[in-house]
Amino acid sequence: MPIRLYNSLTRRLDELRPLEPGKVTMYHCGPTVYSSPHIGNFRSFLFADVLRRFVEDQGYQVTQVMNVTDVGHLTNDDIESGEDKMEAASKKTGRTAWEIAKQYEDEFHECQRLLHVRMPHHMPRATDFIAQMGVIIDDLLAKGVAYQVDNGDVYFEIAKFPDYGKLSGKVIDELEDGARVAVNEKKKDPRDFALWKTDHKHQMQWDAPFRSGLRGFPGWHIECSAMSSHYLGHQIDIHTGGEDNMFPHHECEIAQSEAHTHKQFVSIWMHARHLLVDNKKMSKSLGNFFTVQDVLKKGYTGLELRFALVRGHYRQQLNFTLKGLDEARAAIARVQQCRQRLVRIRLGHESAGAADLTAATAQADAKFTATMQEDLNVSEALGVVFEFASECNRAQPTASSCQQALRFFARVEDVLACFGQEPMAVEDGAPAELQALLQQRQDAKKKKDWVAADAVRDQIARAGWKIVDTPQGARLEKV
RNA sequence: GGUCCCGUAGCCGAGUGGUUAGGCAACGGAUUGCAAAUCCGUUUACCCCAGUUCGAUUCUGGGCGGGACCUCCA
């Protein structure tokens, strides 16, 4: 069965058919490093991560590139006063744009780690690709699809690229009601977008690679064309981003890349819906704005946050709440509890039964694959996982069945990474002093001294462990 | 104003033209000294109105409500 993915370009589910059999190239529009990454950013990046993991799970060799935008992302692309976000952050803080970029890039990587993201193979910075951008700009000028205005700015000329609008479906009439289209007098068409901005005062400035003497910095869109072609070639299989990237960013990428190469830039465009918080768009003014660190400071783990952000279908708005994180915690515990028991039976710490889970495991595995193949239906796939966990809990399985079931859970973890590693058998992990306390409690229980027994239980709980009583006796589990 | 998406039980969230999604929460039961975990059972579903159909939550049209993009945002 093929993987089918919703392609924003064709507006239907398309089969993933890599240009090179067995290999898949992916490009993801990454962070603009001018502020701390927030949970909405990571909804998109975790979607990309799950996509990569599942495609790899299906046997493809994936090459994944995610850019770091550290220059050129204007606060407004069309207005002359549009300011580079890095520059704006610099003015606000009194630190250099380079320092700011470094700080937030590091913070971004830290968040990736905390959220169990499989690192992309390449995470290039825009500032390291000025020369490559220059080559493309030069070519676009030579081809006559870009033009330079008197102050040196270079713009891509939309009129020379009839396909402009094919991704977003935007057919912009110049005098659209309600849309705030500011007119830059220098541009031939308001939709024309900047490839190069001439600015001698900009902190981050380079000699225009296509014409010396013109100090300035690149436009935002051109970096993605330069970096994706550098690492992945002129044509790539999948390109992702948040829904807001579709227009104008991706539309512009298509225009400049395809005008440059005359080849179809991307086979499948995928866009993640934005995250809502308390059913509202996340914004600082509403007080519902969370960075990744904000959430972790509240005592939630990266895994719990990952679960909460990944569990909904990527093309559906997902409502994030703190309560949702509590639910995530409970849901994760349910699966880990189940795996814990399977591990114990496999190792002989708990008695095995006669139930054969082979068929149930194979069925869950096949269902998991099928739901994920259909446009990454994570919600339904999680349903399969939970149902299977219940099935395991109900059964008194054989040791080898446990082994099989655990392999399935390991696969789920490899793809979704939202439950955690396979739990250890608890005997392997409990410190000796806690084991001694456990024995004390057993003694107290024997004497029916419930007060003493409960006191010991509380003491163990404070150490981060809990007592599990079973018909076979009591044992410790890490909370 | 233009383009588009959504409206499912207390909450979150899949899916389907006729058969239990799932998670969390709540309640009852089993188990337990009491808990925890686990199992069994239960509760309130498909926004409204028309239409198509033997039958619609699922398709079509209209209405109401929420959201997104068109401006920086993942």
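The sequence lines fix the lettering, A, B, ..., with proteins before strands; numbering per chain opens at 1.
- Residue A/Asn245 places none of its side-chain N or O atoms closer than 4.0 Å to OP1 or OP2 of B/rC69.
- In this structure, the ring of A/Phe45 has its center less than 6.0 angstrom from the ring center of A/Phe108.
- Closest contact between the side chain of A/Asn377 and the listed nucleotides B/rG33, B/rA14, B/rG67 involves B/rA14.
- Taking only distance into account, the side chain of A/Arg315 never meets the base of B/rC6 through a donor-acceptor pair shorter than 3.5 Å.
- Set against B/rA37, B/rA74, B/rC5, the side chain of A/Gln337 has B/rA37 as its closest nucleotide.
- The aromatic ring of A/Trp450 sits over the base of B/rG33, with ring centres less than 5.5 Å apart and planes inclined by under 30°.
- In the interface, the side chain of A/Arg273 is not paired with the base of B/rA74 through any donor and acceptor atom under 3.5 Å apart.
- Atoms CD (A/Gln316) and C1' (B/rA68) sit 12 Å apart, rounded to a whole Å.
- Side chains of A/Ser379 and A/Asn377: a donor-acceptor N/O pair is absent below 3.5 angstrom, by distance only.
- Contact annotation for A/Gly324: no contact, since no heavy-atom pair falls under 4.0 Å across all strands.
- By the 4.0 Å N-to-carboxylate-O rule, A/Arg346 lies close enough to A/Glu422 to be salt-bridged with it.
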Distances under 3.5 Å between protein N/O atoms and the N/O atoms of nucleotides 42-44 of chain B, please, pair by pair.
none

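- Ionic pairing of A/Lys92 and A/Glu87 is not present here: no N-O contact between side-chain nitrogen and carboxylate oxygen is shorter than 4.0 angstrom.
- Within the 4.0 angstrom heavy-atom criterion, base atoms lie near A/Asp469.
- When each of B/rG33, B/rA14, B/rG13 is scored by its nearest atom to the side-chain atoms of A/Leu318, the top-ranked nucleotide is B/rG13.
- Ion pairing of A/Lys445 with A/Asp469 is present here, as a side-chain N (NZ or NE/NH1/NH2) and a carboxylate O approach within less than 4.0 Å.
- Here A/Arg11 lies out of heavy-atom contact (under 4.0 Å) with every strand.
- Here A/Lys466 lies in heavy-atom contact (under 4.0 Å) with sugar-phosphate atoms only.
- Across all strands, A/Leu275 comes closer than 4.0 Å to base atoms (heavy-atom distances).
- Checked against B/rA74, B/rC39, B/rG67, the side chain of A/Thr32 finds its nearest nucleotide in B/rA74.
- Remark: B/rU52 base-pairs with no nucleotide in the shown strands. Criterion, Watson-Crick or G-U wobble with two distances under 3.5 Å.
- Using modelled atom types and a 3.5 Å distance limit, the side chains of A/Arg411 and A/Thr369 yield a donor-acceptor pair.
- Residue A/His271 is out of contact with every strand shown, counting any heavy-atom pair closer than 4.0 Å.
- Taking atom P on both nucleotides, B/rC46 is separated from B/rU19 by 14 Å, rounded to a whole Å.
- Other residues, nucleotides and ligands contribute more than 12 heavy atoms inside 6.0 Å of the NZ atom of A/Lys166.
- A distance below 6.0 Å separates the ring centres of A/His271 and A/His250.
- Contact check, A/Lys281 against B/rC69: a side-chain N or O comes under 4.0 Å of OP1 or OP2.
- Within the 4.0 Å cut-off from OP1 or OP2 of B/rC40, at least one side-chain nitrogen or oxygen of A/Arg394 is found.
- For the C1' atoms, the distance linking B/rG23 with B/rU8 amounts to 15 Å, nearest Å.
- Using a cutoff of 4.0 Å between basic side-chain nitrogens and carboxylate oxygens, A/Asp14 and A/Arg4 are not scored as salt-bridged.
- Side chain of A/Asn319, nearest nucleotide from B/rG13, B/rC39, B/rA14: B/rG13.
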Close N/O contacts between protein and nucleotides 23-28 of chain B (under 3.5 Å):
residue, atom, partner, partner atom, Å
B/rG23, N2, A/Glu327, OE1, 2.9
B/rG23, N2, A/Glu327, OE2, 3.4

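- Between A/Phe419 and A/Phe386, the angle of the ring planes goes over 60°, which puts this pair in the perpendicular group of the 30/60° scheme.
- Both distances falling under 3.5 Å, in either a Watson-Crick or a G-U wobble arrangement, place B/rA26 opposite B/rU42.
- A salt bridge links A/Arg457 to A/Asp454: one of the charged nitrogens lies within less than 4.0 Å of a carboxylate oxygen.
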